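Just below is one structure, and these are the notes that go with it.
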Amino acid sequence: MIVSKFGGTSVGSYAAMQHSASIVAAEPDRKLVVISATSGTTNDLVALGNSELSYTEREEILMRIEKRHLEIIEQLKDGEEVDKQVRLLLTELRQHLEQIARDKRWKDHLVAFGELLSTRIFTQVLGEAGVEVEWLDARDMMKTDSHFGQADPDLKVIKKKCAKYVQSGKRYLTQGFIGSDIFGNTTTLGRGGSDLSASLFAEAVEADMLEIWTDVAGIYTTDPRVVPAARPIHEITFDEAAELSVFGGKVLHPATLKPAMRGGVKVRVASSSEPNKKGTVIVHEAGDAPVIRALSLRKHQTLLTVKSLDMLHQYGYLAKLFQVLANHKISVDLVSTSEVSVSLTLDTAVSASNKVELTSEVVTELESFCELKIEKDFSLIAMIGNNLNNTAGISGKLFNMLKGYNIRMVCHGSSENNVCFLVNQEDGEEILQLLHKEFIED
Ligand code: ASP
Ligand code: MG
């Protein structure tokens with residue numbers, strides 16, 4: 001059984017939907033299809049959530065959403081029924097915007113319209129491509145806690161809810177990104193969360209393979225926009241890919257791999273517009289294990305340096321520091337410590353809705369027990385591969401190559417799959433090009 005997820009661009013127009021539908025049609029084992037909202041729609045819905053919009057601005061966005069979907073329907077062979085369903089959803093969307101009480105619940109319900117719209121239309125496109133699917137409301141299966149905007153899925157319940165679909169032999173289509181809490185409120189898994197939904201479904205139904213169909217032909221050795229010589233990676237291990245997705249490989253949502261990895265589900269990343277290209281397969285054990293397989297660059301890193309003499313020969317100090325950050329849901333990436341200071345990096349560019357912010361509240365709380373220094377706009381470069389902590393000469397070569405640049409922090413040794421360091425943002429791309437040439441092209 002294969003779970004196939006199609007991203008926003010893969011369902012962004014009638015032509016894209018047709019491509020994606022023919023992929024589903026080509027393999028009868030593609031039993032569960034999970035899709036995102038059409039590209040641009042979630043951003044539009046997020047914009048509609050802004051209470052300061054003028055009437056004209058609001059109408060402009062609404063019309064854009066309506067047009068995008070109705071245009072696809074016009075091209076269907078038999079769009080009558082789905083036209084009714086979609087117009088009903090669009091009316092519900094307008095009604096939802098009239099609501100005066102606007103809390104977090106309201107926002108999650110608002111952004112969920114994107115996936116509800118796209119799945120209605122894609123059901124018909126699939127039907128016209130000869131694939132009969134049953135449309136499922138993901139909120140009946142994807143049960144989560146009530147942390148709106150970034151809800152935590154409850155795998156046990158999800159497994160139970162999915163069980164009845166597993167043996168049926170039928171084919172299904174459902175929404176990524178959305179779920180519901182125990183009270184039945186609509187929740188969302190965080191921006192880009194459709195990959196995570198698909199991965200959770202794949203684990204829950206014990207699929208053999210999870211396919212992520214997107215607009216690039218797999219995972220590349222590095223970002224091809226920065227390094228044109230970057231090439232697709234055919235096979236990569238979960239451990240390597242996990243480091244890559246966390247450290248800026250944009251193809252995958254960082255948390256996506258976890259459920260698939262847990263469930264022993266193979267993952268394939270491929271392009272829906274070029275389905276014959278192999279893409280990348282993520283497996284437990286790959287055929288080769290190069291020391292350096294890929295490089296990643298992540299911009300907009302904040303460096304937080306915490307200093308206090310209380311730290312000297314003390315216990316519990318770091319625990320206290322991390323507790324404050326945890327209480328504010330701030331995630332830390334790199335850590336380096338000395339006797340009286342700790343440096344941490346925070347990703348301040350996760351995405352528009354999951355933005356990590358050092359609010360004045362956090363700063364005040366931290367300043368009550370330590371001295372703080374906050375510096376912004378660094379780039380984090382990660383080298384991902386195998387046996388990096390046991391390969392002689394890697395750091396020597398690296399430091400030698402980078403002697404003309406200012407390196408602010410290095411993390412080496414805690415992972416066999418990753419060496420990473422922090423540099424000034426303006427040097428990031430140049431360094432990436434240098435490293436790719438040295439370690440991957442040559
Ligand atoms: N539609 C959602 C978003 O744009 C989820 C996704 O595309 O994965 O964030
Ligand atoms: Mg997406």
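In this text the structure is predicted, and so the values were computed from the model without any measurement.
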(request) Look only at the side chain of Thr91 and the backbone of Arg87, and say whether a donor-acceptor pair between them is shorter than 3.5 Å. (result) yes
(request) Using a strict cut-off of less than 4.0 Å between a Lys/Arg side-chain nitrogen and an Asp/Glu carboxylate oxygen, indicate whether Lys5 and Glu211 qualify as a salt bridge. (result) no
(request) Would you confirm whether Gln433, through its side chain, and Val226, through its main-chain N or O, come within 3.5 Å as a donor-acceptor pair? (result) yes
(request) To the nearest 0.5 Å, tell me how far Thr237 OG1 sits from Asn417 CG. (result) 5.5 Å
(message) Taking side chain to side chain contact (heavy atoms under 4.5 Å, CB included) as the criterion, tell me which of Leu210, Thr174, Leu196 meets it with Phe201.
(response) Thr174
(message) With a 4.0 Å cut-off on N to O distance, would you call Glu441 and Arg231 a salt bridge?
(response) no
(request) List the steps, then state whether side chain to side chain donor-acceptor pair (under 3.5 Å) holds for Thr221 with His436. (result) CA-CA 8 Å; Thr221 49; His436 195 271; 2.8 Å; yes
(message) Testing the 3.5 Å rule here: is there a donor-acceptor pair between the side chains of Tyr14 and Glu74?
(response) no
(request) Before accepting this row, confirm whether a basic side-chain N of the pair Glu206/Lys159 lies closer than 4.0 Å to the acidic partner's carboxylate O. (result) no
(message) Between Glu235 (side chain only) and Ile282 (backbone N and O only), is there a donor and an acceptor less than 3.5 Å apart?
(response) no
(request) Taking all heavy atoms of Val265 and all of Ala207, pick out the closest pair and write down the distance. (result) CG2-O, 3.4 Å
(request) Sorted by first residue and then second, give each ring-ring contact (aromatic ring centres under 6.0 Å, His included) pair with at least one member in residues 255-284; sequence neighbours left out. (result) Phe238-His284
(request) Please report the shortest heavy-atom distance between Val205 and Met1, naming the atom on each side. (result) CG2-CE, 3.7 Å
(message) Taking Glu274 first and then Lys277, would you say they form a salt bridge - that is, a charged N and a carboxylate O separated by under 4.0 Å?
(response) yes
(request) In sequence, state the C-alpha distance, the side-chain angles, and the governing distance for Ser20 and Ser10, and then conclude on side chain to side chain donor-acceptor pair (under 3.5 Å). (result) CA-CA 6 Å; Ser20 300; Ser10 302; 4.6 Å; no
(message) Here's a test for you: under side chain to side chain contact (heavy atoms under 4.5 Å, CB included), which of Ile35, Leu32, Leu136 qualifies with Leu173?
(response) Ile35
(message) Nearest 0.5 angstrom please: Met142 CE to Lys161 NZ, how far?
(response) 12.5 Å
(request) Answer yes or no: is there a donor N or O on one side and an acceptor on the other, between the side chain of Ser199 and the main chain of Asp195, under 3.5 Å? (result) no
(request) First locate atom CD1 of Ile236, then atom CD1 of Ile384, and finally report the distance between them rounded to the nearest 0.5 Å. (result) 7.5 Å
(request) Dump the intermediate steps for side chain to side chain donor-acceptor pair (under 3.5 Å) on Arg68 and Thr41, then the final yes or no. (result) CA-CA 9 Å; Arg68 191 179 296 138; Thr41 300; 2.7 Å; yes
(request) Give a yes or no answer on whether the side chain of Asp154 reaches the backbone of Lys143 with a donor-acceptor pair at less than 3.5 Å. (result) no
(message) Taking ring-ring contact (aromatic ring centres under 6.0 Å, His included) as the cut-off, I'd like each qualifying pair that reaches into residues 162-194, sequence neighbours left out, listed once.
(response) Tyr165-Tyr172
(request) Look at the side chain of Arg64 and the backbone N and O of Asp44, then say whether any donor-acceptor pair between them is shorter than 3.5 Å. (result) no
(message) Any side-chain to backbone donor/acceptor pair from Asp181 onto Asn185? Under 3.5 Å, distance only.
(response) yes
(message) Rounded to the nearest 0.5 Å, what separates atom CD in Glu375 from atom CG in Leu422?
(response) 9.0 Å
(message) For Ser146, is there any backbone N or O sitting under 3.5 Å from a side-chain donor or acceptor partner on Arg105?
(response) no
(message) Keeping Ser118 on the side-chain end and Ser36 on the backbone end, is there a donor-acceptor pair under 3.5 Å?
(response) yes
(message) Quick test of your reading of the model: are Lys299 and Asp377 salt-bridged, counting only N-O distances below 4.0 Å?
(response) no
(message) Walk me through whether Glu416 and Leu388 qualify under side-chain contact (heavy atoms from CB on, under 4.5 Å).
(response) CA-CA 5 Å; Glu416 61 172 298; Leu388 277 158; 5.7 Å; no
(message) Please check: side-chain N/O of His69 versus main-chain N/O of Ile65, any donor-acceptor pairing under 3.5 Å?
(response) yes
(request) Quick one: closest heavy-atom pair of Met141 and Cys162, and the distance? (result) CB-SG, 4.2 Å
(request) Measure the acute angle between the ring planes of His96 and Trp106, then classify it against the limits of 30° and 60° as parallel, tilted or perpendicular. (result) parallel
(request) Could you tell me the separation between the CD atom of Gln75 and the CD1 atom of Ile72, rounded to the nearest 0.5 Å? (result) 8.0 Å
(message) If you count every heavy atom of other residues, nucleotides or ligands that lies below 6.0 Å from Glu426 atom CD, does the total exceed 12?
(response) yes
(message) Could you go through His147 and Thr187, starting from their C-alpha distance and side-chain angles, then the distance that decides it, and tell me whether this counts as side chain to side chain donor-acceptor pair (under 3.5 Å)?
(response) CA-CA 8 Å; His147 185 193; Thr187 54; over 6 Å; no
(request) Identify whether the distance between the nearest side-chain nitrogen and carboxylate oxygen of Arg58 and Glu52 falls below 4.0 Å. (result) no
(request) For Ile440 and Ile292, run side-chain contact (heavy atoms from CB on, under 4.5 Å): C-alpha distance rounded to whole Å, both residues' side-chain angles, the deciding distance at 0.1 Å, then the answer. (result) CA-CA 7 Å; Ile440 294 178; Ile292 295 177; 4.2 Å; yes
(message) Just verifying a value: how many Å separate Asp145 CG and Gln150 CD, rounded to the nearest 0.5 Å?
(response) 10.0 Å
